[in-house]
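Heads up, the thing below is written out as structure tokens.
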Protein chains: 2
Amino acid sequence: MGVMAALSDPIRVGLVRVLADGQERGWGELRAPVAKSTLSHHLKVLRDAGLTRTRQEGTRCFVVLRREELQARYPGLLPAVLAAAEDEDVGHQVAVSPSLQESSL
Amino acid sequence: MGVMAALSDPIRVGLVRVLADGQERGWGELRAPVAKSTLSHHLKVLRDAGLTRTRQEGTRCFVVLRREELQARYPGLLPAVLAAAEDEDVGHQVAVSPSLQESSL
DNA sequence: TAGCTTGTTCGATGTTTCACGAACATCGAA
DNA sequence: TTCGATGTTCGTGAAACATCGAACAAGCTA
């Protein structure tokens, strides 16, 4: 699946939106109105499209948006997509909320 | 269908690529490896997504990319999409070739 | 009017994608 | 080693999408 196709799903745009600040996030922080298997699927699509990178640490995973690589390869794409998402009110169903483990680090 | 979804199909990206110079093109100039009903469908999707404008003149139609509106609403999106298309080698199946009527204008 | 051209609409079909729950794999902790 | 937490994979069903050919509508032209 190409970059554009990856960015054409509301949940995935929401994930990108949440990751847009460049902060690494834990799986557990991601709040999306889908089953965990579905979330796993979407994160795999984003990964395969080269939009994110995943780091494993023990049993837990962390995602980060590959901002620099994206800016290098598709200059301006990310801001444009985020602006379009705002404009079309897409992606607001996804949020971050600190998991218990995270907050005690 | 949103802007991103509209841009996630290879044929449609090809059409945008071909229209990218801002030149108005006739239906008949558009060469894509699909049936005319399918081409009509894709052009409708682009139109509905606000990417193109269609003008009718007698029985014939002309399309043009809405470059300024796009730049205003989603700054940088179009160049980024075109760059991504180049990079992923998407959209090259669509071309323009002058129709007989066009060439005699 | 009859016929040709151009593009749209319709109905059917096959593919892809999204979504879920269940089963599985892996790692750390008890 | 047993348990609990965390993601992934699998099987399945539903919805969306791409595609085609045929039928249709509208407008020139003979």
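Letters A, B, ... are given to chains in the order of the sequence lines, protein chains preceding strands, and every chain is numbered from 1.
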### Task
Tell whether Ser37(B) reaches the base of dG21(D) with its side chain through a donor-acceptor pair below 3.5 angstrom.
yes
### Task
Using a cut-off of strictly less than 4.0 Å, decide whether His42(B) has a side-chain nitrogen or oxygen near OP1 or OP2 of dT19(D).
yes
### Message
With a 3.5 Å distance limit and no angle check, can you tell me whether Arg73(A) reaches the backbone of Ala84(B) through a side-chain donor-acceptor pair?
### Response
no
### Query
Nearest to the side chain of Arg12(B), which nucleotide is it out of dC20(C), dA18(D), dT9(C)?
dA18(D)
### Query
Roughly how many Å is it from NZ in Lys44(B) to C1' in dA18(D), rounded to a whole number?
15 Å
### Query
What's the CZ-C1' distance between Phe62(A) and dT6(D), to the nearest Å?
11 Å
### Query
Between dT5(C) and Trp27(B), is there an OP1 or OP2 to side-chain N/O distance shorter than 4.0 Å?
no
### Task
Give a yes or no on this: more than 12 heavy atoms of other residues, nucleotides or ligands lie within 6.0 Å of atom CD of Gln56(A).
yes
### Summary
Atom CD of Gln93(A) and atom P of dC18(C) are separated, to the nearest Å, by 13 Å
## Note on the structure
When every non-hydrogen atom of Leu7(B) is compared with those of Met4(A), the smallest separation belongs to O-CB, 3.5 Å
### Message
Does dT8(C) have OP1 or OP2 under 4.0 Å away from a side-chain N or O of Arg47(B)?
### Response
yes
### Message
In this structure, how many angstroms lie between the C1' atom of dA25(D) and the NZ atom of Lys36(B), rounded?
### Response
11 Å
### Task
By nearest nucleotide on DNA chain C, pick out whichever of Ser8(A) and Thr59(A) is the more 5' one.
Ser8(A)
### Query
Should Ser40(A) be listed as having a side-chain N or O under 4.0 Å from OP1 or OP2 of dG7(D)?
no
### Task
Let me know, please, whether Thr38(A) or Ala35(B) comes out on the 5' side of the other along DNA chain D by nearest nucleotide.
Thr38(A)
